[in-house]
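Each ligand, and each atom within it, is numbered from 1 in the order the structure gives. Position 1 is the first residue of the sequence, and the numbers go up from there.
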Amino acid sequence: MKSVTVVAHPNIALAKYWGKRGGDGNVPAVPSLSVTLSGMSTTTTVTFDDGLAGDELVLNGAIVGDRPLARVTALLDVVRREANIGAHARVVSRNDFPTASGLASSASGFAALALAAVRAAHLDWSRPRVSDLARRSSASAARSLFGGFVELDGGEGAPGLALPVAGPDAIDLRVLVCVATEDAKLISSTEGMRVTQETSPYYAAWLTEGPLLCARIRDGVLAGDFRAVGECAERSALAMHACAMAAGVVYVSGTTLAALAEVRAMRALGIDAYATIDAGPHLKCLVTSQSMHDAKTRLARVPGVVRILETSPGPGARVLEEGTDR
Ligand code: 2P0
């Protein structure tokens, strides 16, 4: 049996995915477009071992069971079936950023797990096939298999495939992650989406608006137009949160809103800065290399911002180490 270690980066959606199409495969209800970010990473080692009585998950140094382990086992079961192996696996994973708090740890986590498990099982799968496997566990993870700017399709008739749109250098973009808490979030994305989909009076409007913004963001990325991308990305985030909030699903905190006000104040002063917010309180500020220093200084002064991570477009998931067969 082989031991494989993979590193994957989280991605943040410039055009948000929120809501599922329904049916099998965890396919999103809307297309999304993300950027994979170096500066934060998950490192995961998978070892299939005949001596194990069950799958084991060690996350950030602690043994984990229950639902996180069940999600890992569900992915491993697909790999075991395809590779025709019966052994359980040991999965050791570490994030160098807060886990399960809206910083896309499930994106980098399941991207790393999918690639490591496939390789450890000696499956010779294409990148899109590994990405498809990752999407079934966490849709945003499908995007972290690729670097740079990545689109994940969604909606009626879409296959649920993530594909690269442009390389990491397509736009002069840096992302300042304003960490607002080190704690895990109270409502998982999956649950937040379910409640939004079932009860938000604005969900139908989101299904119309999300894809339009995604198309404009794709055009902006391909044109290398930072401002067009930033403007639509901020709108996509606010539309997603408005839709969720109308269902009682609130991820923002006072710190998030104070940081958003600061981003808008910066824009009024001519500083290139736009905001995006995911399923947690951390605001991510989209800046250019030129506006990064000013923006970081100002955001660091916002009450409640604990620290700021500097990230930039980076590569997709990749194998770090492949151990020898035993
Ligand atoms: C995104 N988010 O596009 C959106 C924006 C959060 C806000 O994808 O249910 O962990 O596992 O498919 O991928 C986070 O949700 O959800 C997410 P599941 P996932 O990045």
Side-chain angles (χ1 to χ4, degrees), residues 8-37 40 42 67-68 70-72 74-75 95 99-114 131-146 149-155 160 162 165 175 177 184-198 200 206-207 209-211 213-214 217-218 232-245 247 249-252 256 275-284 286:
H9 302 294
N11 65 76
I12 56 148
L14 301 168
K16 302 299 183 195
Y17 141 54
W18 199 251
K20 296 174 194 289
R21 188 178 70 193
D24 290 342
N26 196 30
V27 177
V30 292
S32 57
L33 196 153
S34 64
V35 56
T36 302
L37 295 176
M40 294 191 279
T42 298
R67 180 148 164 76
R71 289 179 78 185
V72 165
L75 186 150
N95 296 322
T99 299
S101 93
L103 288 173
S105 58
S106 70
S108 51
F110 281 105
L113 175 67
S131 169
D132 179 83
L133 173 68
R135 189 203 65 244
R136 291 162 193 273
S137 296
S138 191
S140 56
R143 302 184 308 232
S144 276
L145 265 308
F146 302 99
F149 297 84
V150 183
E151 186 165 351
L152 170 62
D153 66 28
V165 167
V175 181
V177 178
K185 62 190 166 202
L186 297 174
I187 319 166
S188 73
S189 298
T190 307
E191 179 62 6
M193 281 185 221
R194 187 188 63 75
V195 173
T196 303
Q197 199 156 351
E198 288 175 5
S200 176
W206 164 248
L207 292 183
E209 186 69 3
L213 288 168
C214 187
I217 289 171
R218 187 196 315 121
C232 292
E234 191 169 305
R235 273 180 179 249
S236 176
L238 294 177
M240 175 205 124
H241 282 275
C243 178
M245 275 191 211
V249 177
V250 180
Y251 290 108
V252 296
T256 324
T276 186
I277 306 159
D278 293 294
H282 321 284
L283 179 135
K284 287 97 178 185
L286 311 174

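For ligand 1 and Arg71, the ligand atoms under 4.0 Å from any heavy atom of the residue are 11 (O). In the vicinity of Met193, heavy-atom distances shorter than 4.0 Å reach the ligand 1 atoms 15 (O), 16 (O). Within ligand 1, the atoms closer than 4.0 Å to a non-hydrogen atom of Ser189 are 14 (C), 15 (O), 16 (O), numbered from 1 in the order shown. For ligand 1, the atoms closer than 4.0 angstrom to any heavy atom of Ala13 are 1 (C), 3 (O), 20 (O). Here is the list of ligand 1 atoms found below 4.0 Å of a heavy atom in Asn26: 12 (O). Residue contact check: Ser106 has heavy atoms under 4.0 Å from atoms 10 (O) of ligand 1.
Contacts with ligand 1 closer than 4.0 Å are made by heavy atoms of both the backbone and the side chain of Ser140. Of the heavy atoms in Ser138, both backbone and side-chain atoms come closer than 4.0 Å to ligand 1. Only the side chain of Lys20 comes within contact range of ligand 1, with a heavy atom under 4.0 Å; no backbone atom does. By the criterion of a heavy-atom distance under 4.0 Å, the backbone of Ser137, and not its side chain, is placed next to ligand 1. Under 4.0 Å from ligand 1, not a single heavy atom of Arg194 appears. Of the heavy atoms in Asn11, none comes closer than 4.0 Å to ligand 1. Residue contacts with ligand 1, taken as heavy atom pairs separated by less than 4.0 Å, involve Arg143 solely via side-chain atoms from C-beta onward.
Residues Ile12 and Val177 are not in side-chain contact: their nearest non-hydrogen atoms beyond the backbone lie 4.5 Å or more apart. Within the 4.5 Å cutoff, the side chain of Trp206 has heavy atoms near those of the Ser236 side chain. Using a 4.5 Å cut-off on side-chain heavy atoms (C-beta onward), Thr36 and Arg143 make no contact.
Here the CD1-CE distance, from Ile187 to Met193, works out to 12.0 Å after rounding to the nearest 0.5 Å.
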Q | Worked check of side chain to side chain contact (heavy atoms under 4.5 Å, CB included) between Leu113 and Leu75 | A | CA-CA 8 Å; Leu113 175 67; Leu75 186 150; 4.0 Å; yes
Q: Mind running side chain to side chain contact (heavy atoms under 4.5 Å, CB included) on Ser34 and Ser140 for me, showing each step along the way?
A: CA-CA 9 Å; Ser34 64; Ser140 56; over 6 Å; no
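Taking the charged nitrogens against the carboxylate oxygens, Asp278 and Lys16 do have a contact shorter than 4.0 Å, which makes a salt bridge.
The nearest pair of heavy atoms linking Trp18 to Ser189 is CH2-O, 3.8 Å.
Residue Arg136 places no heavy atom under 4.0 Å from ligand 1. For the pair Ala237 and ligand 1, no heavy-atom separation below 4.0 Å is found. A heavy-atom separation below 4.0 Å is found between Met240 and ligand 1.
For ligand 1, one of its N or O atoms has an N or O atom of Ala139 under 3.5 Å away.
Of the possible donor and acceptor atoms, none in the side chain of Thr196 sits under 3.5 Å from a partner among the backbone N and O of Ala247. The closest donor-acceptor contact from the side chain of Ser131 to the backbone of Ala142 lies under 3.5 Å. For Glu151 (side chain) and Pro31 (main-chain N/O), no donor-acceptor pair under 3.5 Å exists by modelled atom type.
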